**Student:** 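Please find one structure pasted underneath; my questions will follow.
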Number of protein chains: 2
Amino acid sequence: MSEMRQRILTEATHLFARRGYEGTSVQAISEAVGIRKPSLLYHFSSKALLRDAVLESLLSRWGDVVPQVMTAATTGENRFESTLTEVIGFFEADPDRARLLWREMLDRPDALRSLLSAHLSPWIGLVSSTIRRGQREGIIYADLDPEAWIFWVITMAVAGFSAAGLSGVFSEDAPAHRRAELVRIARVSLFTPPLEAPEHG
Amino acid sequence: MSEMRQRILTEATHLFARRGYEGTSVQAISEAVGIRKPSLLYHFSSKALLRDAVLESLLSRWGDVVPQVMTAATTGENRFESTLTEVIGFFEADPDRARLLWREMLDRPDALRSLLSAHLSPWIGLVSSTIRRGQREGIIYADLDPEAWIFWVITMAVAGFSAAGLSGVFSEDAPAHRRAELVRIARVSLFTPPLEAPEHG
DNA sequence: CCTACCGATCGGTAGG
DNA sequence: CCTACCGATCGGTAGG
């Protein structure tokens with residue numbers, strides 16, 4: 001990919017994430033890159049194709065990051081910690097990712113659904129079967145719905161970071177508290193309470 | 001409020017929720033109502049003021065619904081069930097509400113923050129202090145962050161319904177499973193596990 | 001990668 | 001609540 005194409009993609013990602021697709025003109029992207037509008041349209045022959053390229057580039061970056069974590073993780077609790085940290089870290093590293101995904105979901109749910117199916121399905125399947133094994137072992141709640149649980153945890157990660165501008169409504173020093181509470185909710189809603197050694201019996 | 005003003009507000013809510021503010025023209029709203037563009041602009045003198053009125057109307061409807069529930073709820077577990085059911089029901093009844101709120105959060109986080117502070121703060125304060133009482137009684141996790149927990153539960157409710165079009169990525173019959181799993185996650189992340197009578201000790 | 005230009009649509013106004 | 005109209009901006013093309 002040419003360097004100019006990459007620069008256009010970077011600026012378009014940022015502007016689409018912040019102002020939305022309809023709220024961003026090709027003119028505005030060109031200015032951010034430092035070229036004229038027809039020059040941009042030489043690299044991406046329409047605004048719609050540029051949008052597709054931006055989304056595709058975001059999802060492929062997700063695809064780069066996740067497999068390592070999955071294979072790296074080992075035991076139950078460790079796999080939980082490292083995987084969740086990676087998912088949160090992906091969106092924390094660049095909140096534009098969360099904003100862009102959420103806007104796409106609102107604007108074009110069908111298009112996003114097929115892209116997510118392609119890029120996420122193997123990963124979801126792997127996490128699901130790990131959860132089911134934990135359920136058979138009794139360390140994970142038996143009445144938990146694996147796919148639904150994954151949906152909600154990812155939803156919290158994406159939504160929480162696309163809502164980064166909402167600090168102050170729910171509490172003062174929100175970001176840090178919210179992150180810790182997200183991890184706590186995920187953990188305690190996944191693992192069954194440890195059968196404590198009968199200390200007081 | 002005049003009947004025509006109300007009809008404009010209804011159509012504008014639907015179109016802003018589905019296509020976004022920038023993606024909806026005044027012309028499109030007028031057509032949905034069945035009048036001409038200048039006639040609409042007689043009732044709302046600018047598109048921006050129409051947006052403000054739409055958001056204000058949505059939040060005041062939330063304000064209508066919630067207080068009853070809070071006063072109606074009684075004991076700990078019942079209060080949890082009825083309040084969560086009401087929050088979910090509010091967005092389930094009309095997914096446009098969730099979509100509109102999420103779009104506003106992406107487009108104008110500052111404006112939404114101050115509106116949410118005005119409409120939600122008393123309610124959040126009440127739920128928080130109920131949670132803190134439960135923590136003192138030991139039936140709610142002591143390391144739970146009340147405001148952050150509320151943030152995540154509301155986030156799941158809003159996000160889950162604005163993501164209604166995403167069925168099929170995570171599982172087949174997603175909506176029903178997801179709703180049940182949301183309630184389970186909220187409950188099990190809130191209440192400490194019951195100290196079972198020592199059956200096997 | 002540029003200048004010059006296209007028809008269509010945008011939010012909004014004049015005036016009745 | 002209407003017709004008629006405004007300047008500005010939209011995505012995109014011609015042609016070099």
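Lettering follows sequence order; numbering is per chain, from 1. Being a predicted model, the structure only gives us computed values, none of them experimental.
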**Student:** Expressed in angstrom and rounded to an integer, what is the separation of A/Leu41 atom CG from C/dT3 atom P?
**Tutor:** 15 Å

**Student:** Using whole Å, report how far CZ of B/Phe16 lies from C1' of C/dG11.
**Tutor:** 12 Å

**Student:** Just how far, in rounded Å, is P of C/dC1 from CE of A/Met4?
**Tutor:** 4 Å

**Student:** When only distance counts, do a donor and an acceptor, one from the side chain of B/Lys47 and one from the base of C/dG12, lie under 3.5 Å apart?
**Tutor:** no

**Student:** Whole Å only: how far is the CD atom of A/Glu31 from the P atom of C/dC2?
**Tutor:** 12 Å

**Student:** Please state how far atom CZ in A/Arg36 lies from atom C1' in D/dT13, giving the value in whole angstrom units.
**Tutor:** 17 Å

**Student:** Under the 6.0 Å and 45° cation-pi test, does B/Arg178 pair with A/Phe151?
**Tutor:** yes

**Student:** Quick one: does A/Glu92's side chain have a donor or acceptor within less than 3.5 Å of a partner on A/Phe161's backbone?
**Tutor:** no

**Student:** Would you kindly compare B/His43 and A/Lys37 by the position of their nearest DNA chain D nucleotide and give the one closer to the 5′ end?
**Tutor:** B/His43

**Student:** Between atom CD1 in A/Ile29 and atom C1' in D/dT9, what is the gap in whole Å?
**Tutor:** 15 Å

**Student:** Please work out if A/Ser30 contacts a base, only the sugar-phosphate, or nothing of the nucleic acid, heavy-atom cut-off 4.0 Å.
**Tutor:** nothing

**Student:** Apply salt bridge (Lys or Arg N to Asp or Glu O under 4.0 Å) to B/Arg61 and B/Asp94, showing your working.
**Tutor:** CA-CA 12 Å; B/Arg61 205 160 303 186; B/Asp94 182 4; over 6 Å; no

**Student:** Atom CD1 of A/Ile35 to atom P of C/dT3: distance rounded to whole Å?
**Tutor:** 12 Å

**Student:** Could you tell me which nucleotide pairs with D/dC1 by Watson-Crick or G-U wobble geometry, both distances under 3.5 Å, or answer none if nothing does?
**Tutor:** C/dG16

**Student:** Rounded to the Å, how far apart are A/Arg51 CZ and D/dG12 P?
**Tutor:** 12 Å

**Student:** Between B/Arg19 (side chain only) and A/Asp107 (backbone N and O only), is there a donor and an acceptor less than 3.5 Å apart?
**Tutor:** no

**Student:** Taking only the side-chain heavy atoms of A/Tyr42 (C-beta and beyond), determine which of C/dC1, C/dC10, D/dC2 contains the nearest atom.
**Tutor:** C/dC1

**Student:** For the pair B/Tyr21 and B/Phe16, name the ring-plane relationship: parallel under 30°, tilted 30 to 60°, perpendicular over 60°.
**Tutor:** tilted

**Student:** Within less than 4.0 Å of OP1 or OP2 of C/dC10, is there a side-chain N or O belonging to B/Ser25?
**Tutor:** yes

